[in-house]
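Heads up, the thing below is written out as structure tokens.
Remember, it's a predicted structure, so these values are computed and weren't measured experimentally.
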Amino acid sequence: MVSSAAMSAAKKAWLFLFVGIVAASQSGNIVRLSDASPFAISAWRLAIASLLLAPLAGSSLKRVARLERLDAVLLVLAGLALALHFFAWIAAVQHTTVANAAIFFAINPVLTSVGGWLFFRERPSARLAVSILLGLVAVIFIGVTDFDADPSRFYGNALAVLASVLFTTYFLLGKRVRRSVDSAAYVTCVYAVGALVAFIALGFAGSPIVDYSARNWVCFLLMALIPTMIGHTSINHAVAHIHAGRISAALLMEPLTAGIGAAIFWGEGVGVHTVVGYVLICVSVLILVLDPAAGVRRAPRKDTP
């Protein structure tokens with residue numbers, strides 16, 4: 001039996017998840033403001049987010065220092081995977097089309113569902129399988145008219161697959177560590193590790209550390225506040241309450257919310273294929289949300305929303 005408290009926590013987690021998806025999906029629209037390197041954008045978005053979240057984490061950060069060695073190592077690996085995911089994704093978009101990158105990244109729900117089954121015994125239900133299938137069809141439908149099968153796109157396509165694998169790794173590692181530490185402390189430390197990795201990469205690339213235009217700094221700040229602090233942090237909070245496969249399936253909403261943002265802020269038009277894809281995404285998410293057994297999980301003790 002699932003307690004009423006657990007049900008309430010799960011409903012709040014779904015709200016956190018959808019807010020997080022909307023916020024995280026705007027990273028592509030915000031990146032357009034900047035001409036800085038992927039290393040610089042990644043480094044500063046993570047560093048600023050970590051610094052701003054640290055006061056909110058407060059005394060819970062002390063619990064991170066008391067983590068068992070395995071959890072501490074997994075936390076560091078999660079930060080490394082997050083930084084590498086950002087590098088691979090931005091580089092993928094630079095070496096292939098956005099449509100190609102989105103389609104190849106869309107294998108993420110399948111990878112995450114398999115990982116959730118193998119490592120957390122979260123057996124995928126038939127409803128989840130249908131939701132993932134519909135979401136994948138939707139993403140392909142959105143990008144089919146712009147898909148480029150040119151062999152020269154292979155490198156960028158491969159990077160998009162790598163970005164998907166790295167995101168799954170970051171996600172599943174976080175799901176494991178979140179059993180031992182609350183949301184605020186976890187994301188503060190993971191973002192700090194990711195920022196350190198990104199600054200090291202920035203140094204090796206020979207790019208400037210702080211010598212950027214005001215427009216770039218606006219981009220860094222918005223990236224820290226919206227897709228990172230609100231987006232990734234909300235998604236990480238939901239991890240403690242919702243099965244991994246369901247979260248990854250819901251993440252297929254990103255093309256829809258990113259497209260809406262592009263239409264509002266950049267005046268981009270929406271074609272018929274895109275509208276059909278958006279409708280399919282909405283249906284796939286409704287299948288998840290209306291499931292009476294929506295993967296409720298018991299929250300870890302002393303969790304902080």
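Between Ser34 and Ile41 there is a side-chain heavy-atom pair separated by less than 4.5 Å. Between Trp89 and Leu166 there is no side-chain heavy-atom pair separated by less than 4.5 Å. Residues Val76 and Leu80 fail the side-chain proximity criterion, which asks for heavy atoms closer than 4.5 Å. In this structure, Ser27 and Met223 have side chains that are in contact, with non-hydrogen atoms separated by less than 4.5 Å. Side-chain contact between Leu46 and Phe86: present, with at least one pair of heavy atoms (C-beta onward) separated by less than 4.5 Å. Side chains of Thr188 and Leu51 form no contact here, defined as non-hydrogen atoms less than 4.5 Å apart. In this structure the side chain of Phe120 never reaches within 4.5 angstrom of the side chain of His243, judged on heavy atoms. Residues Tyr191 and Ile48 fail the side-chain proximity criterion, which asks for heavy atoms closer than 4.5 Å.
Here the closest heavy-atom approach between residue Ser131 and residue Ser284 is recorded as OG-O, 2.7 Å. Of all heavy-atom pairs between Met253 and Ile21, the closest is CB-CG2, 3.9 Å. Listed here is the closest heavy atom pair of Ala36 and Asn216: N-OD1, 3.5 Å. For Leu172 against Gly115, the heavy-atom pair with the smallest separation is CD1-CA, 3.7 Å. Residues Leu67 and Ser180 come closest through the heavy atom pair CD2-CB, 3.6 Å. Nearest approach of Pro227 to Ile30, heavy atoms of both residues: CD-CD1, 3.8 Å.
Distance check, rounded to the nearest 0.5 Å: CG of Leu136 to CG of Leu252 gives 6.0 Å. Between the CG atom in Leu15 and the OG atom in Ser234 there is a gap of 8.5 Å [rounded to 0.5 Å]. Atom NE2 in His237 sits 8.5 Å away from atom CD1 in Ile242 (nearest 0.5 Å). Atoms CZ and CG, from Arg123 and Leu128 in turn, are 13.0 Å apart once rounded to the nearest 0.5 Å. With rounding to the nearest 0.5 Å, the separation of CE in Met229 from CG in Leu222 is 12.5 Å. Rounded to the nearest 0.5 Å, atoms CG (Leu84) and OG1 (Thr169) are 9.5 Å apart.
Side chain to side chain, Ser248 and Asn108 fail the donor-acceptor criterion of an N or O pair below 3.5 Å. No side-chain N or O of Asn236 forms a donor-acceptor pair with one of Ser183 less than 3.5 Å apart.
Counted within 6.0 Å of CZ on Arg32, heavy atoms from surrounding residues, nucleotides or ligands total more than 12; the atom is thus considered enclosed.
Taken together through direct or relayed side-chain contacts under 4.5 Å among Ile, Leu, Val, Met, Phe, Trp and Tyr, Val193 and Phe204 form parts of separate hydrophobic clusters. Criterion: ILVMFWY side-chain heavy atoms under 4.5 Å apart, direct or through other members. Under it, Phe154 and Leu162 are not part of a common hydrophobic cluster. By the criterion of side-chain heavy atoms lying less than 4.5 angstrom apart, applied directly or through intervening Ile, Leu, Val, Met, Phe, Trp or Tyr residues, Phe167 is grouped together with Leu77 in one hydrophobic cluster. In the hydrophobic clustering of ILVMFWY residues, with side-chain heavy atoms under 4.5 Å counting as a link, Val190 and Ile230 come out apart. Grouping the Ile, Leu, Val, Met, Phe, Trp and Tyr side chains by contacts below 4.5 angstrom, directly or via other members, places Phe199 with Val210.
Using modelled atom types, one side-chain atom of Asn29 and one backbone atom of Ala258 make a donor-acceptor pair closer than 3.5 Å. Proximity of a side-chain donor or acceptor of Gln26 to a complementary backbone N or O of Ile226 within less than 3.5 Å is not detected. Although no hydrogens or angles enter the test, the distance criterion places a donor-acceptor pair under 3.5 Å between the side chain of Arg215 and the main chain of Leu33. Side-chain N or O atoms of Ser42 include none that pairs as donor or acceptor with a backbone N or O of Phe39 at under 3.5 Å. With hydrogens and angles disregarded, a donor-acceptor distance shorter than 3.5 Å links the side chain of Arg127 to the backbone of Ile287.
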I'd like to know whether Ile247 forms a side chain to side chain contact (heavy atoms under 4.5 Å, CB included) with Thr112, so could you lay out the CA-CA distance, the side-chain angles of the two residues, the decisive distance to 0.1 Å, and finally the verdict.
CA-CA 9 Å; Ile247 291 180; Thr112 304; over 6 Å; no

Just do the side chain to side chain contact (heavy atoms under 4.5 Å, CB included) check on Leu75 and Leu173 with the steps written out, would you?
CA-CA 7 Å; Leu75 187 151; Leu173 287 172; over 6 Å; no

For a side chain to side chain contact (heavy atoms under 4.5 Å, CB included) check, start with the C-alpha distance between Arg153 and Phe104, then their side-chain angles and the critical distance, and finish with the verdict.
CA-CA 12 Å; Arg153 301 294 188 185; Phe104 283 104; over 6 Å; no

Carefully, step by step, assess Trp44 and Tyr212 under the rule ring pair (Phe, Tyr, Trp, His ring centres under 6.0 Å).
CA-CA 11 Å; Trp44 282 111; Tyr212 292 101; 8.0 Å; no

Please walk me through it: do Tyr155 and His95 pass side chain to side chain contact (heavy atoms under 4.5 Å, CB included)?
CA-CA 7 Å; Tyr155 179 63; His95 289 87; 3.7 Å; yes

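Between His85 and Phe105, the ring planes lie tilted relative to each other; the angle falls in the 30° to 60° range. By the 30° and 60° cut-offs, the orientation of the rings of Phe220 relative to Trp217 is perpendicular.
Identified under the side chain to side chain donor-acceptor pair (under 3.5 Å) test for residues 249-262, with sequence neighbours left out: Ser25-Thr257.
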